[in-house]
Amino acid sequence: EVQLVESGGGLVQAGGSLRLSCAASGFTFDDYAIGWFRQAPGKEREGVSCSGGSYGSTYYADSVKGRFTISRDNAKNTVYLQMDSLKPEDTAVYYCAAPLLVCNANNYYYSGSSISWGQGTQVTVSS
């Protein structure tokens, strides 16, 4: 059974930084793409970033390019999202999800029937 546990959310002022972590288990971590998504109140869930498996590709939404950095530690089965220069519009519940079927520089794709989601971690950025 795939399990994903996020941590690292919190309250931060605009311009600040947070690092989210997602600890994964139940699948061969190295082989699969894993992603970060977010959902703000009243909005649809959106893809923020993803990290490919063995092929090492990464994707960033335009809204976070240059501010967020995804990384993964395959030895610890953990993926991170370093978030810098945070803005109030980054406020959302952040989820990690796996496995993604596609993760490249331009796009990502997942199957609703096979993906698993973490419980989410709240990120609040005050102005």
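As a basis for the values below, the full set of heavy atoms in this structure was taken, side chains included, without hydrogen atoms, waters or symmetry mates.
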Looking at [X] and [Y], what are the two nearest heavy atoms and their distance?
{"X": "Ala97", "Y": "Ile115", "value": "CB-CD1, 3.6 Å"}
{"X": "Asp84", "Y": "Ser17", "value": "OD1-OG, 2.7 Å"}
{"X": "Gly52", "Y": "Cys103", "value": "N-SG, 3.7 Å"}
{"X": "Ala61", "Y": "Gly47", "value": "CB-O, 3.5 Å"}
{"X": "Pro88", "Y": "Ser127", "value": "CG-CB, 3.9 Å"}

Using side-chain heavy atoms (C-beta onward) and a distance below 4.5 Å, is [X] in contact with [Y]?
{"X": "Val48", "Y": "Leu81", "answer": "yes"}
{"X": "Gln82", "Y": "Ser71", "answer": "no"}
{"X": "Glu46", "Y": "Gln39", "answer": "no"}
{"X": "Leu18", "Y": "Val123", "answer": "yes"}
{"X": "Met83", "Y": "Tyr94", "answer": "yes"}
{"X": "Ile34", "Y": "Leu100", "answer": "no"}

[atom1]-[atom2] distance between [X] and [Y], expressed to the nearest 0.5 angstrom:
{"X": "Glu1", "Y": "Ser116", "atom1": "CD", "atom2": "OG", "answer": "7.5 Å"}
{"X": "Ser49", "Y": "Arg38", "atom1": "OG", "atom2": "CZ", "answer": "11.0 Å"}
{"X": "Asn106", "Y": "Tyr59", "atom1": "CG", "atom2": "OH", "answer": "9.0 Å"}
{"X": "Trp117", "Y": "Phe37", "atom1": "CH2", "atom2": "CZ", "answer": "4.5 Å"}
{"X": "Tyr95", "Y": "Trp36", "atom1": "OH", "atom2": "CH2", "answer": "12.0 Å"}
{"X": "Ser21", "Y": "Tyr80", "atom1": "OG", "atom2": "OH", "answer": "5.5 Å"}

Can any side-chain N or O of [X] pair as donor or acceptor with the backbone N or O of [Y] at less than 3.5 Å?
{"X": "Arg72", "Y": "Ser51", "answer": "yes"}
{"X": "Arg45", "Y": "Ala40", "answer": "no"}
{"X": "Thr124", "Y": "Leu11", "answer": "no"}
{"X": "Ser85", "Y": "Arg67", "answer": "no"}
{"X": "Asp90", "Y": "Lys87", "answer": "yes"}
{"X": "Tyr60", "Y": "Ile70", "answer": "yes"}
{"X": "Gln119", "Y": "Glu6", "answer": "yes"}

Given side-chain hydrogen bond (donor to acceptor under 3.5 Å, both in side chains), test Ser57 with Asn104 step by step and report yes or no.
-> CA-CA 5 Å; Ser57 56; Asn104 57 49; over 6 Å; no

Between Glu89 and Thr91: side-chain donor-acceptor atoms closer than 3.5 Å =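 No, no side-chain donor-acceptor contact under 3.5 Å.
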
With no hydrogens and no angle check, do the side chains of Thr78 and Asp73 hold a donor and an acceptor under 3.5 Å apart?
-> no

N-O pairing of Lys65 and Asp62 below 4.0 Å = yes

Stepwise side chain to side chain contact (heavy atoms under 4.5 Å, CB included) test for Leu86 and Phe68 = CA-CA 9 Å; Leu86 283 160; Phe68 290 11; 3.8 Å; yes

Determine, stepwise, if the pair Leu4 / Phe27 fulfils side chain to side chain contact (heavy atoms under 4.5 Å, CB included).
-> CA-CA 10 Å; Leu4 302 163; Phe27 64 103; 4.2 Å; yes

